[in-house]
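Letters A, B, ... are given to chains in the order of the sequence lines, protein chains preceding strands, and every chain is numbered from 1.
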There are 2 protein chains.
Amino acid sequence: MGSVEERPRGPGRPPRLSRAAVVDAAAAVVDRDGIDGLTMRRVAEELDSSPMALYRHVRDKDELLVALLDRLVERLPRPDLPEDPRDRILVAFGVIHDGLAASPWVVGLLAAGDLMAPSVAWLIEEIHAGLVACGLPAERAVAAYRALWQFTIGELTIRDAGARVIPRADRPAVQTTTRTEVDPEVFPTLAAVADHWAAARGRDTYTEDLAALLDGLIACAPSFAYRVRESR
Amino acid sequence: MGSVEERPRGPGRPPRLSRAAVVDAAAAVVDRDGIDGLTMRRVAEELDSSPMALYRHVRDKDELLVALLDRLVERLPRPDLPEDPRDRILVAFGVIHDGLAASPWVVGLLAAGDLMAPSVAWLIEEIHAGLVACGLPAERAVAAYRALWQFTIGELTIRDAGARVIPRADRPAVQTTTRTEVDPEVFPTLAAVADHWAAARGRDTYTEDLAALLDGLIACAPSFAYRVRESR
DNA sequence: ACCTGAACACCGTTCAAGT
DNA sequence: ACCTGAACACCGTTCAAGT
């Protein structure tokens, strides 16, 4: 089960650290101090070692971050998925979403790539198969996957930023007209809706909203400026 | 038009810098060196001044970033919006999206807040009014706005990360089975779809996908595990 | 082969002093 | 009132040396 990455055992000083130990230590630091607290120096401290020792096992800090992400993805649960293709898609994305939501700092890294780590390829396969089973031709299935992924990244990004901003409630991000104190004369709808806004702030509607997007994609929302019509 | 923020003109040394000058200089630095190149020291250099001079005009670097975001939002275009509520929503989001896509580094900041800067409140109002006009009750209109915003943030996040990653093509983000070299025996759908994936990489389908999400939300995608049925 | 220590080129920010 | 200069407590990383 454990990766059998025996390096060539030449002569010389025997290793005290290992790549896995470095990555585990980094994970411990992130859990304790957050992603901003992750520094090479602190990881070294965690290992009772010197900062430069890490560089024997990871190329640089960026590579350590990627290794951290891989570690997280490998640990995603592997539940059975429902039969129904639409449900299968939603559950598969749910697995990804929930697994990453617990460590939302990964989102920045994640967005760059495509999440095709070997350990999640089965989920991506299931999602694409589900999209095809829902009647989408290959090209549209790929486009749909992309849109669903974009939505997922957005939800996670906002979730992360929201959690991160709490300690600094004194200064809002964008200079804000707190949305509850909007002038009903000039912005009537915003004023009418203000109460619901506050209530919605906390709710987790990821799967519902993802389902809406999925249904819209399956129905093949016709291009802009035209109304929905029956297609296929 | 220009903000008339005359500070009390007491006795003492006359100001050489101003908050606006600092923010403009910061914008110039970001344009030249990217968001990672934005340092207090460089902004000071841009102004032929010392790093600490900036702290008379902005509280700290975070506040400078927020000011930079405000500057950007204020400069969004203010086009006329179409009559049709669905089109109005799509165009309004398009204005926001396109304006921010040109400076995708803002996304991280943006995600934290709610984009209720006074200068875009009119757009947010229009979007909410459009959603209500599409038949959504207040609560669902707010939920829909949130979902559309999440999707927008996701698209921008991925766009930014994709642009940012180019210089380091040597090391993929997540360890990747490049998706074109997937084993068709074990991942048949992925293999079948691989060509379309490469083709889709570059296409900008933001508005189309946003329209799909919007239509799904208007149709009120029923909760998970149930199929679409007629509601209202 | 693996690790250490000192050093370099950076950060944001505080603090005391100049004009 | 506004700006400067030196200094502090950090970074990631290079380089030469130890075992």
Dump every N/O contact between nucleotides 14-19 of chain C and the protein below 3.5 Å, one line per pair.
from   : atom 1 : to    : atom 2 : distance (Å)
C:dG18 : N2     : B:R13 : NH1    : 2.7

Short heteroatom pairs, N/O only, protein and nucleotides 8-11 of chain D, under 3.5 Å:
from   : atom 1 : to    : atom 2 : distance (Å)
D:dC11 : N4     : A:R41 : NH2    : 3.4

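Counting to the nearest Å, the P atom of D:dC3 and the CG atom of B:L47 are 10 Å from each other. Atom C1' of nucleotide D:dT13 and atom CG of A:D62 are separated by 13 Å, given to the nearest angstrom. As rounded to whole Å, 11 Å separates atom P of D:dT13 from atom CG of A:L54. Here the P atom of nucleotide C:dC3 and the CG atom of A:L17 are 5 Å apart, to the nearest Å.
With hydrogens and angles ignored, the 3.5 Å screen pairs no side-chain donor or acceptor of A:E139 with any backbone N or O of B:H196. B:D33 places no side-chain N or O within 3.5 Å of a backbone atom of B:D36 that could act as its donor or acceptor partner. Listed for the A:T39 side chain is a donor-acceptor partner under 3.5 Å among the backbone atoms of A:R42.
Using a 30° and 60° split on the angle between ring planes, B:H97 and B:Y206 fall in the parallel class, below 30°.
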Nucleotide pairing, DNA chain C (Watson-Crick or G-U, distances under 3.5 Å), in dot-bracket with [ ] and |: ||.|||||...|||||.||
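Distances shown here put a side-chain N or O of A:H57 below 4.0 Å from the OP1 or OP2 atom of C:dC3.
For the pair B:W149 and A:I158, the minimum side-chain heavy-atom distance is below 4.5 Å. With contacts defined as side-chain heavy-atom distances shorter than 4.5 Å, the pair A:K61/A:L54 does not qualify. B:V106 places none of its side-chain heavy atoms less than 4.5 Å from the side chain of B:L68.
Shown here for A:L72 and A:G99, the closest heavy-atom pair between the two residues is CD2-O, 4.0 Å. Between B:L17 and B:S49, the shortest heavy-atom distance links the atoms CD2-OG, 3.8 Å. Shortest non-hydrogen contact noted between A:V95 and A:P77 is CG1-O, 3.6 Å. Closest approach of A:H128 and B:L190 over heavy atoms only: ND1-CD2, 3.5 Å.
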